[in-house]
Amino acid sequence: NSTDIAEVVNYTRATKAEPNPAYFGKAKGKNVIYLHLESMQNFIIDYKLNGEEVTPFLNSLASSKDFMYFDNFFHQTGQGKTADAEFLLENSLYGLPQGAAFTTQGQNRYHAAPAILGQHGYTSAVFHGNYKSFWNRDKIYKSLGFDKFYDASYYSMKPEDVMNYGLKDKPFFKESIPMLDTLPQPFYSKFIMLSNHFPYPLDEKDATIEKHTTGDASVDNYFQTARYADEALKEFFDYLKASGLYDNSVIIMYGDHYGISENHNKAMSQVLGKEVGKFENTQLQRVPLLIHVPGVKGGEMHQYGGQIDLMPTMLHLLGIDTKEYVQFGSDLLSKEHVEIVPFRNGDFITPEVTALNGKYYDNATGELIEKNEIISQDQKTAETMLRLSDEVVNGDLLRFYTPNGFTPINPNDFDYPNGDA
Ligand code: GP9
Ligand code: MN
């Protein structure tokens with residue numbers, strides 16, 4: 001096994017994208033606030049329903065100079081959905097082809113973001129309005145090194161505030177604030193939202209926009225819950241600004257996975273006013289990524305990337321080198337960023353080509369094209385990354401490797417007592 005990890009380390013060292021000096025360390029010592037935008041897909045940004053914006057707040061951030069807005073950013077999740085998104089961004093490792101690594105590999109050794117940052121003076125915390133055992137979070141968060149986990153037991157969970165999987169986003173953020181205020185700074189935090197979750201039910205009184213009219217209920221409802229989530233985010237930002245945290249924190253907002261599956265291509269054709277087949281459905285796997293770095297000018301960013309790339313991007317912004325770490329992503333802001341985005345099933349997308357199950361589409365036209373030398377190489381890269389990542393995760397290979405400057409953590413040092421709200 002130690003030979004296997006050597007192969008992996010050689011590969012990730014050799015392919016590491018150098019940090020970009022224009023961004024490296026620009027957020028040194030700042031807090032990190034991750035906002036996990038449940039089921040938010042990128043098509044919703046600037047989408048108008050009956051002439052009305054669905055997510056006016058997110059739209060305003062996407063066009064603001066305070067945020068970098070990445071419009072070619074893809075989710076890379078599989079069956080683990082939310083848990084896969086978390087796994088990707090805390091480790092820069094891929095989720096598994098079947099099942100959820102969160103559930104089956106919760107006891108593995110990891111070199112995860114909370115553990116690394118814990119060794120740079122950060123306190124880490126997750127906020128989520130569902131109970132802690134869901135997705136095995138209470139176990140794997142210990143292996144990742146999260147100091148605190150504020151689960152549903154810390155929130156009021158009044159029946160009128162609960163919908164679908166848990167606490168509605170507005171009371172969630174409101175009740176999170178006093179707990180956030182107790183964290184020593186700098187902190188590394190993640191807020192996992194819930195209200196925009198399949199099949200998108202919403203109390204009538206919370207609806208501030210009409211449903212869509214495709215006749216496909218979950219698609220139609222999606223617009224209302226996306227609007228509700230957008231309003232909840234705006235309320236939280238009002239607090240972040242008023243408290244000064246906005247000027248003192250890197251804020252990273254990302255869509256975790258699709259909300260509308262390919263079973264709804266027909267309704268999505270109506271939503272988008274164009275035929276949605278295999279090619280267009282892949283384009284719909286874009287999720288919004290918005291990054292605020294105090295003092296750094298934002299704007300639209302068009303590089304191709306995926307959730308695997310978030311961890312090195314974030315660490316480099318904080319001025320933490322990633323050379324020694326086994327990470328399969330590459331810093332989105334690096335000049336050497338790799339624009340091959342593998343999906344969990346082995347398909348992939350690049351700025352030019354969408355590769356689906358042995359068929360290749362020209363992104364500019366959506367037409368089928370012949371496989372060429374570049375496509376073959378990119379395919380090999382995508383396959384190699386997925387294969388090596390799977391070896392690491394299935395074989396628990398990080399047991400056999402300790403990056404320079406990192407001390408392995410002991411999961412037993414972490415404990416998540418119930419709140420008594
Ligand atoms: C559950 C929530 C939703 O706690 O994070 O998970 P999902 O169904 O999206 O994977
Ligand atoms: Mn989710």
Side-chain angles (χ1 to χ4, degrees), residues 34-44 55 58 73-90 94-106 125-141 144 146 148-155 157 161-173 175-176 189-202 218-219 221-222 225-226 228-230 232-233 252-264 284-289 306-308 310 343-344 416 418-419:
Y34 265 119
L35 296 166
H36 179 112
L37 312 179
E38 178 60 41
S39 299
M40 203 64 82
Q41 290 179 230
N42 197 55
F43 80 84
I44 207 80
T55 54
L58 283 175
F73 182 76
F74 292 81
H75 85 83
Q76 296 170 294
T77 63
Q79 292 171 345
K81 307 300 288 288
T82 287
D84 280 0
E86 290 190 61
F87 191 80
L88 280 149
L89 76 98
E90 302 302 356
Y94 288 96
L96 292 173
Q98 260 90 43
F102 252 46
T103 317
T104 60
Q105 314 301 134
V126 178
F127 299 81
H128 184 49
N130 190 2
Y131 292 93
K132 63 183 172 188
S133 62
F134 200 93
W135 281 131
N136 199 37
R137 285 183 174 110
D138 55 340
K139 301 261 169 35
I140 194 168
Y141 281 178
L144 302 177
F146 273 110
K148 294 183 190 300
F149 182 14
Y150 300 101
D151 79 330
S153 69
Y154 286 80
Y155 295 87
M157 302 301 278
D161 287 344
V162 171
M163 175 62 86
N164 208 357
Y165 280 82
L167 191 61
K168 296 181 190 177
D169 290 343
K170 286 184 186 179
F172 167 63
F173 281 122
E175 294 182 34
S176 295
S189 65
K190 178 166 65 178
F191 295 81
I192 306 172
M193 298 170 72
L194 265 183
S195 295
N196 188 40
H197 192 292
F198 186 84
Y200 313 105
L202 191 74
S218 54
V219 172
N221 293 353
Y222 181 83
T225 50
Y228 176 83
D230 187 68
L233 283 167
I252 307 177
M253 314 166 79
Y254 64 96
D256 64 342
H257 49 72
Y258 65 73
I260 297 169
S261 76
E262 61 184 345
N263 300 330
H264 304 273
L284 282 172
Q285 305 312 306
R286 284 178 172 79
V287 292
L289 172 64
Q307 289 161 331
I308 196 86
L310 282 175
F343 298 116
R344 186 50 267 191
Y416 309 123
N418 280 325

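We count ligands from 1, going down the list as the structure has it; atoms in each ligand are counted the same way.
- Listing protein N, O or S atoms at distances below 2.8 Å from the Mn ion (ligand 2), with waters left out, gives Glu38 OE1, Glu38 OE2, Thr82 OG1, Asp256 OD2, His257 NE2.
- A donor-acceptor contact closer than 3.5 angstrom links the side chains of Ser176 and Tyr155.
- Under the 3.5 Å distance criterion, the side-chain polar atoms of Lys132 are left unmatched by any main-chain donor or acceptor of Phe149.
- In this structure Ser195 satisfies the side-chain contact (heavy atoms from CB on, under 4.5 Å) test together with Lys168, Asp169, Tyr228, sequence neighbours excluded.
- Figure legend: cation-pi geometry between Lys148 and Phe127 absent, as NZ or CZ is not positioned both under 6.0 Å from the six-membered ring centre and within 45° of its axis.
- Checked by atom type, the side-chain pair His36/Tyr254 shows a donor-acceptor distance below 3.5 Å.
- Between Phe134 and Tyr165, the ring planes lie perpendicular to each other; the angle is over 60°, past the 30° to 60° tilted range.
- For the 3.5 Å distance criterion, the side chains of His75 and Gln307 fail to qualify, holding no donor opposite an acceptor.
- Gln41 places no side-chain N or O within 3.5 Å of a backbone atom of Tyr258 that could act as its donor or acceptor partner.
- Taking the salt bridge (charged side-chain N to carboxylate O under 4.0 Å, His left out) definition, one finds that Lys190 meets it with Glu86, Glu90, sequence neighbours left out.
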List, pair by pair, the atoms of ligand 1 and of the protein that are both N or O and lie under 3.5 Å apart, giving the separation rounded to 0.1 Å.
| residue | atom | partner | partner atom | Å |
| --- | --- | --- | --- | --- |
| ligand 1 | 4 (O) | His128 | NE2 | 2.6 |
| ligand 1 | 4 (O) | Asn130 | ND2 | 2.9 |
| ligand 1 | 4 (O) | Arg137 | NH1 | 2.9 |
| ligand 1 | 5 (O) | Arg137 | NH2 | 2.8 |
| ligand 1 | 6 (O) | Thr82 | OG1 | 3.1 |
| ligand 1 | 6 (O) | Trp135 | NE1 | 3.3 |
| ligand 1 | 8 (O) | His197 | NE2 | 2.7 |
| ligand 1 | 9 (O) | Glu38 | OE2 | 3.1 |
| ligand 1 | 9 (O) | Thr82 | OG1 | 2.7 |
| ligand 1 | 9 (O) | His197 | NE2 | 3.2 |
| ligand 1 | 9 (O) | His257 | NE2 | 3.1 |
| ligand 1 | 10 (O) | Thr82 | N | 3.0 |
| ligand 1 | 10 (O) | Thr82 | OG1 | 3.3 |
| ligand 1 | 10 (O) | Trp135 | NE1 | 3.1 |

